[in-house]
Protein chains: 2
Amino acid sequence: MNSFDAIDRSIMRILQDRGRISNAELAERVGLSPSACSRRLDILEKSGTISGYHARLSHAALDYKMMVIVHISLSGQFAKTLTEFEAAVKLCPNVLVCYLMSGEYDYILRVAAKDLADYERIHRDWLSALPHVVKINSGFALREIIDKPNVGL
Amino acid sequence: MNSFDAIDRSIMRILQDRGRISNAELAERVGLSPSACSRRLDILEKSGTISGYHARLSHAALDYKMMVIVHISLSGQFAKTLTEFEAAVKLCPNVLVCYLMSGEYDYILRVAAKDLADYERIHRDWLSALPHVVKINSGFALREIIDKPNVGL
DNA sequence: TCTGAAAACCAAACAGT
DNA sequence: ACTGTTTGGTTTTCAGA
């Protein structure tokens with residue numbers, strides 16, 4: 001299930017950058033006929049290797065100027081505690097990323113906000129309301145250096 | 001430049017989830033003729049509101065099973081120090097995200113690795129080699145709860 | 001697993017409202 | 001600013017190697 005040749009990797013690399021490229025142009029750039037290329041792409045998609053295609057929206061253009069990294073500690077690590085927290089955090093539209101972590105804090109979140117007042121609202125209405133939370137630590141991003149969706153192939 | 005109506009928002013919402021949808025289907029789902037829809041999409045792209053389309057590759061399928069959050073402190077905050085660090089960090093293919101932060105640490109990084117040995121290599125060859133670094137703190141993600149590219153519209 | 005051809009489908013441009 | 005039409009290009013399926 002997990003052995004890709006050079007052409008598969010080319011297809012993935014190109015689609016990472018240009019997700020809406022036509023199959024015809026993709027085929028030409030990887031050196032296959034359009035039908036052969038289409039078939040390989042179909043396999044990559046159906047196997048889940050390519051899990052989807054997404055438009056990238058400019059956060060700035062949408063007025064989301066603020067990115068906040070939030071560390072959260074819970075009152076315990078029982079499965080039920082974690083499950084309830086995770087179900088709740090998934091409902092917050094401003095939480096882009098959430099990982100269960102090793103170390104001092106239990107979870108790390110990446111939260112998008114329009115401005116400080118917007119973040120104050122999110123903190124009050126969503127983050128503070130999450131179940132089993134005992135500590136919240138917010139760090140504000142001053143500038144974005146890198147933000148890419150995938151590791152370079 | 002920044003006033004979108006309900007149809008624009010629908011277009012963006014749909015393309016966030018299905019970046020490779022055809023213009024014909026997109027038009028039908030937002031209730032426009034294909035040509036009107038195409039014209040709106042063109043404006044959204046040319047204005048930079050939609051900054052690109054990207055295939056999402058399954059990290060697991062590519063053997064990147066490990067996600068590490070790295071906090072880094074530098075020896076100072078002079079512009080030259082930051083600029084040199086940032087130029088260097090951009091060269092590391094495993095660093096997916098890097099933000100300049102307020103607070104205890106200067107930068108936060110999100111690093112993808114195949115396994116612990118791979119992360120050891122990245123830490124030794126890339127992270128420790130970054131200029132002006134005085135402290136590195138690595139936290140390992142145990143499980144991914146949420147990872148979406150954009151805030152819900 | 002590829003190529004090539006054919007049918008179904010789609011995008012882009014344009015004229016009209 | 002949207003619609004409908006037209007033209008040329010694209011995707012997909014299928015036969016054959």
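Source: prediction; values computed, not measured. Naming convention: chains lettered A, B, ... in sequence-line order (proteins, then strands); numbering from 1 in each chain.
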Under the ring pair (Phe, Tyr, Trp, His ring centres under 6.0 Å) test, which residues partner [X], sequence neighbours left out?
X: A/Y107; result: A/F85
X: A/Y105; result: A/H71
X: A/F140; result: A/Y119

Give the rounded distance in Å between these two atoms: [atom1] of [X] and [atom2] of [N].
X: B/I11; N: D/dC2; atom1: CD1; atom2: C1'; answer: 13 Å
X: B/E25; N: C/dC9; atom1: CD; atom2: C1'; answer: 13 Å
X: B/L26; N: C/dC9; atom1: CG; atom2: P; answer: 19 Å
X: B/L41; N: C/dA12; atom1: CG; atom2: P; answer: 9 Å
X: A/N23; N: C/dC10; atom1: CG; atom2: P; answer: 15 Å
X: A/D42; N: C/dC2; atom1: CG; atom2: C1'; answer: 16 Å
X: A/I21; N: C/dC10; atom1: CD1; atom2: P; answer: 20 Å
X: B/I43; N: C/dA12; atom1: CD1; atom2: C1'; answer: 15 Å

Hey, can you pull the donor-acceptor pairs under 3.5 Å for the side chains in residues 125-135 of chain B, sequence neighbours left out?
from   : atom 1 : to     : atom 2 : distance (Å)
B/S128 : OG     : B/H123 : O      : 2.8
B/S128 : OG     : B/H123 : ND1    : 3.4
B/H132 : NE2    : B/E84  : OE1    : 2.6

Give every donor-acceptor pair under 3.5 Å between a side-chain atom in residues 52-62 of chain B and any protein atom, sequence neighbours left out.
from  : atom 1 : to     : atom 2 : distance (Å)
B/Y53 : OH     : B/E45  : OE2    : 2.6
B/H54 : ND1    : A/Q16  : O      : 2.6
B/R56 : NH1    : B/D147 : O      : 2.8
B/S58 : OG     : B/A60  : N      : 3.4
B/S58 : OG     : B/A61  : N      : 2.9

Are any of B/R39's side-chain N or O atoms less than 4.0 Å away from OP1 or OP2 of D/dT3?
no

Among the candidates D/dT11, D/dC2, C/dC2, find the nucleotide nearest to the side-chain atoms of B/R40.
D/dC2

Pick out which of B/R39, B/K46, B/R40 makes a salt bridge (Lys or Arg N to Asp or Glu O under 4.0 Å) with B/D42.
B/K46

Check the interface with nucleotides 3-8 of chain C: list each N/O to N/O pair with the protein under 3.5 Å, or write none.
from  : atom 1 : to    : atom 2 : distance (Å)
C/dT3 : OP2    : A/S33 : N      : 3.0
C/dT3 : OP2    : A/S33 : OG     : 2.6
C/dG4 : O6     : A/S35 : OG     : 3.1

